[in-house]
Amino acid sequence: MMKLPDWISRWIPGTEPAPRAETMREAAGSYADADEDQWRKLTGDADRDLSPMTQDRMQKMAAYLWESNLMANRLVELMVAYLLAEGVKLTCKDDLGQKTLNRFWRDPINNMPLKLAEKVRELALFGEQCYPVFLNEVSGAVRLGYLDPSLIGTVVMDPDNASQPIGVVTKKDRKGNAKRYQVIINGPEEVFTARTREIRAGFTDGPCFYIRVNNMAAGGRGRSDLLAQADWLDAYDSFLFGELDRAKFMRAFFWDVTLTGATEDQVKKKASEISAPSPGAVRVHNDSEEWKAETPDLKAADSSEHARLFRNHVLGGATIPEHWFGGGGDVNRSTAGEMGEPTFKVFSMRQGLWKIVLEDMGRYVLRQDALATGGREPDFEDEAYEVEAVFPELTSRDTTKWAAALQQVATAMLVMVNAQLITRATAVKMLATVAGRLGVEIDAEAEIAAAEAEAKTKAANDAFSGLDTAAPPAAA
């Protein structure tokens, strides 16, 4: 629509307005690359994470199910119990290094004997854990903090290696501030490219350990162990509550009273006078009155098979056998032992993950201690600094069958060595294979060398000594 001054200028000569300067404005929109550092991944921009809203909802849902759903709670707590029931230790061969590890492990804030169960549980529930690290620059002591997964805003990945997290950015607080933690790598910064080192230098709020499970290689965030089962866990709970209501209805009844030949007024009068008898009471009436207890006939079949179907669907997805959750089925001791093998493999994988995490923490603790006290990097190639996290065995070993097998293999190997059909090294390797099932690791070559040395020592000790071996005196 033409403005009034412009319209007047067209009809009255000499009243043309002066040319107006056009205001230049930037077009509305946003950058295609949403990352605030404006770097682009060399390996592509595939996003394998859940959306932020879905990630938050998953974490809330997992916590709710663990608190309120019996099966969800057991799926998580079974793994925690098998991994940590007898306790975990962090060890190394160096005495000073062991003291440093003990100081970290038993620190009143770290308190790993108490808090490790929380860490294992919440990694399973939320799919990720972030522990900011606080360093004492004088003593080299290391203390772990805790960042709730709901406060993680972004996990920044290496632009040159999409599977490597390099930093954690928190969500902004009420004042609009966010923290930027640098993910700990037990090694020099030179393992990264120059571009990645430049990005990591911007994470100035301290180092952190970041752990994730059930993630895609190109995704930064982890996923809950309960994510796939969440809907089914809730459906199973709803089904059981429905069965509870049905059981209540089936137990209900009422009295049906028939009055023979009574008029409508007589029926109403009787209804106002009548009362239900209490249990054990006696009711007396003539043949014109009939009392009958009526119960609902819902025509509902036994739902135990439906319950078992739903339950096994959830348990199967979590690799948990039915008899671990109160369902016996047709399971005996022999089949129960075989059915547990896949479960123990899954637990063993998670135990292996935590073994790597704790050993990585131990090496970091030794490294910070060495830098603070000696100003040098420790030599982790040295066996003295070899950190090991010692976990309890997942199951009690059945040594009976393997002890019998060891005896049979030993007899067979002795016969074959004497018959010169195999070498002693091969025979010892066969024995070592069976001994490994009993928890004893044998190095065949080292064991043969040690046995030969022991045999020579024993032979030398058994030789007669101190006898006069000179010739007897000549006869007179």
Compare all side-chain heavy atoms of K93 with those of E388 and state whether any distance is below 4.5 angstrom. no
I'd like to know if D158 pairs up with R200 as an ion pair, taking the criterion as any Lys NZ or Arg NE/NH1/NH2 lying under 4.0 Å from an Asp or Glu carboxylate oxygen. no
Identify the two heavy atoms, one from [X] and one from [Y], that lie closest to each other, and give their separation to 0.1 Å.
X	Y	result
C92	V387	CB-CA, 4.4 Å
V428	E447	CG1-CB, 4.4 Å
C208	Y181	SG-CB, 3.6 Å

Going by the rule ring pair (Phe, Tyr, Trp, His ring centres under 6.0 Å), which residues pair with F209 if we only count those two or more places apart in sequence or in a different chain? Y364
Under 3.5 Å: donor-acceptor pair, side chain of N215, backbone of G222: no
Is there a ring pair (Phe, Tyr, Trp, His ring centres under 6.0 Å) between Y236 and F310 once you walk through the steps? CA-CA 6 Å; Y236 181 66; F310 301 149; 7.3 Å; no
For the pair R350 and L83, evaluate side-chain contact (heavy atoms from CB on, under 4.5 Å) and give the outcome as yes or no after the intermediate values. CA-CA 8 Å; R350 185 58 57 86; L83 264 60; 3.9 Å; yes
With a cut-off of 6.0 Å (strictly less than), are more than 12 heavy atoms of other residues, nucleotides or ligands near [atom1] of [X]?
X	atom1	result
Y64	OH	no
D173	CG	yes
R106	CZ	no

Verify the distance criterion only: is there a donor paired with an acceptor across the side chains of N69 and D234 at less than 3.5 Å? no
Among I211, N110, L147, side chain to side chain contact (heavy atoms under 4.5 Å, CB included) partner for Y131: I211
Restricting to side chain to side chain donor-acceptor pair (under 3.5 Å), what partner residues turn up for E452, sequence neighbours left out? R424
